[in-house]
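Heavy-atom basis, side chains included; hydrogens, waters and symmetry copies ignored. Numbering of residues begins at 1 and proceeds along the displayed sequence.
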Amino acid sequence: HAEAYRSLSSCWSGRIYSTTHPHLQTGSSEDLATQSLEDFAAVWAHDIIAECKGQRYCLVGASLGGLLAYEVAAAAQSLEAPAPRRIFLIDPSPPSMRLGEVWSPRYAAVTLAMLSAHVEGVAAKLDPPPEAFDVADVAICLGEFRASLLGYRCTSQMVKESLKQLRSAMHMIGLRSDMRSHDAHSRKPFMCHLFFASERPESGDDGKAAAREHYGGALGFATISSEVEIVGEHMGVCARCMVGEEDAFNATLRDATKLP
């Protein structure tokens with residue numbers, strides 16, 4: 001769903017780049033071998049630093065992408081490379097959540113389909129049949145769902161793309177955190193803007209507290225510059241912010257990126 005962020009160009013005068021799981025480009029099983037969240041984020045940090053060529057940048061991440069954006073920023077600090085000017089985390093996953101224990105291929109497909117529907121502005125949901133437990137079977141269901149959203153005929157290529165997305169999502173959710181202590185205490189912390197969904201049943205107030213503690217510089221990386229609660233459930237809030245349909249997020253992004 002990296003293309004969804006293209007809509008944010010109206011709130012940002014510079015270039016917008018998206019990061020995606022390498023498996024989506026290559027389809028290689030080697031790209032699914034990384035087991036550490038920090039190691040995965042470090043690869044993205046290297047790529048972003050190389051692309052920005054010493055220029056300052058901002059990071060935006062939604063849900064699990066929020067946790068990854070934070071880890072990318074922390075990795076950049078540890079590499080003694082230019083840190084992001086600011087990071088914008090949209091209802092980020094608290095580091096204490098054990099998502100990998102509950103994410104089956106079917107659950108991952110339902111979540112990906114829900115985000116696709118939100119991005120396309122369609123009220124639809126995927127309900128894979130009970131017998132669709134194998135990741136390949138679920139990929140067929142997801143491919144057919146996305147084809148129906150776009151009014152296309154489902155092709156083998158769409159199923160292959162869905163399969164890569166499912167494998168990538170399962171891999172990212174299954175990454176374990178080493179909870180490393182990056183040595184960034186001597187560096188100037190970057191500014192962090194937090195956005196929480198008002199309906200956060202999977203973690204509630206405890207999840208928000210854990211997120212504040214983690215993202216607010218418990219390890220010496222960031223300082224919370226602002227915190228905004230947006231009305232809605234997790235997936236809807238993430239999708240609306242991603243496609244530039246949430247005024248509170250747009251205003252914060254537009255105003256904050258004008259600051260040093």
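Judged by distance alone, the side chain of Asp91 and the main-chain N or O of His234 form no donor-acceptor pair under 3.5 Å. Panel note: side chain Lys164, backbone Gly27; no donor-acceptor pair is recorded below 3.5 Å. Looking at Ser198, its side chain does come within 3.5 Å of a backbone N or O of Gly232 through a donor-acceptor pair. Side-chain N or O atoms of His171 include one that pairs as donor or acceptor with a backbone N or O of Thr34 at under 3.5 Å. Without hydrogens or angle criteria, His23 side chain to Ser28 main chain gives a donor-acceptor distance under 3.5 Å.
The shortest side-chain heavy-atom distance between Leu59 and Leu89 does not fall under the 4.5 Å cut-off. Leu64 is listed as a side-chain neighbour of Met172, based on a closest heavy-atom distance under 4.5 Å.
Glu161 and Gln157 share a donor-acceptor pair across their side chains, judged by distance under 3.5 Å alone.
Follow the hydrophobic side-chain contacts under 4.5 Å out from Ile87 and you reach Tyr57 in the same cluster. Leu166 and Leu149 fall within the same hydrophobic cluster, defined by Ile, Leu, Val, Met, Phe, Trp and Tyr side-chain heavy atoms under 4.5 Å apart, directly or through other members. Both Leu126 and Val138 are part of a single hydrophobic cluster, where members link through side-chain heavy atoms under 4.5 Å apart.
From Met235, atom CE reaches atom CD of Glu233 across 7.5 Å, with rounding to the nearest 0.5 Å. The distance from atom CH2 of Trp44 to atom CD1 of Ile49, rounded to the nearest 0.5 Å, is 14.5 Å. Summarising the geometry, atom CG belonging to Leu37 is positioned 5.0 Å from atom CD belonging to Glu71; distances are rounded to the nearest 0.5 Å. Atom SG of Cys241 is separated from atom CG of Leu253 by 10.0 Å, given to the nearest 0.5 angstrom. Rounded to the nearest 0.5 Å, atoms CG (Leu142) and CG (Leu163) are 10.0 Å apart. In this structure, CG in Leu68 is found 10.0 Å from CD in Glu38, a value given to the nearest 0.5 Å.
In this structure Glu227 satisfies the side chain to side chain contact (heavy atoms under 4.5 Å, CB included) test together with Leu194, Phe196, Arg212, sequence neighbours excluded.
For the residue pair Val237 and Val231, the shortest heavy atom distance occurs at CG2-O, 3.8 Å. Heavy atoms only, all atoms of each residue included: Gln25 and Thr20 are closest at OE1-OG1, 3.1 Å. Closest approach of Ala73 and Pro84 over heavy atoms only: CB-CG, 3.6 Å. The shortest heavy-atom contact between Ser162 and Ala139 is CB-O, 3.5 Å. Contact record, Pro92 with Phe195: CD-O, 3.9 Å, taken as the closest heavy-atom pair. Shortest non-hydrogen contact noted between Ala42 and Ala75 is CA-CB, 4.0 Å.
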Practice task
Determine, stepwise, if the pair Ile48 / Glu51 fulfils side chain to side chain contact (heavy atoms under 4.5 Å, CB included).
Solution key: CA-CA 5 Å; Ile48 291 172; Glu51 183 65 39; 5.7 Å; no
Exercise for the section: Verify side chain to side chain contact (heavy atoms under 4.5 Å, CB included) between Val43 and Asp47, making sure each step is shown before the conclusion. Expected result: CA-CA 6 Å; Val43 174; Asp47 292 343; 4.2 Å; yes
Exercise for the section: List the steps, then state whether side chain to side chain contact (heavy atoms under 4.5 Å, CB included) holds for Phe88 with Ile90. Expected result: CA-CA 7 Å; Phe88 301 85; Ile90 307 166; 5.7 Å; no
Practice task
Take Thr19 and Val72 through the test side chain to side chain contact (heavy atoms under 4.5 Å, CB included) and record every step on the way to the result.
Solution key: CA-CA 11 Å; Thr19 54; Val72 167; over 6 Å; no
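Aromatic ring centres of His21 and Phe40: separated by under 6.0 Å.
When the shell of 6.0 Å around CD of Glu30 is examined, it contains 12 or fewer heavy atoms from other residues, nucleotides or ligands.
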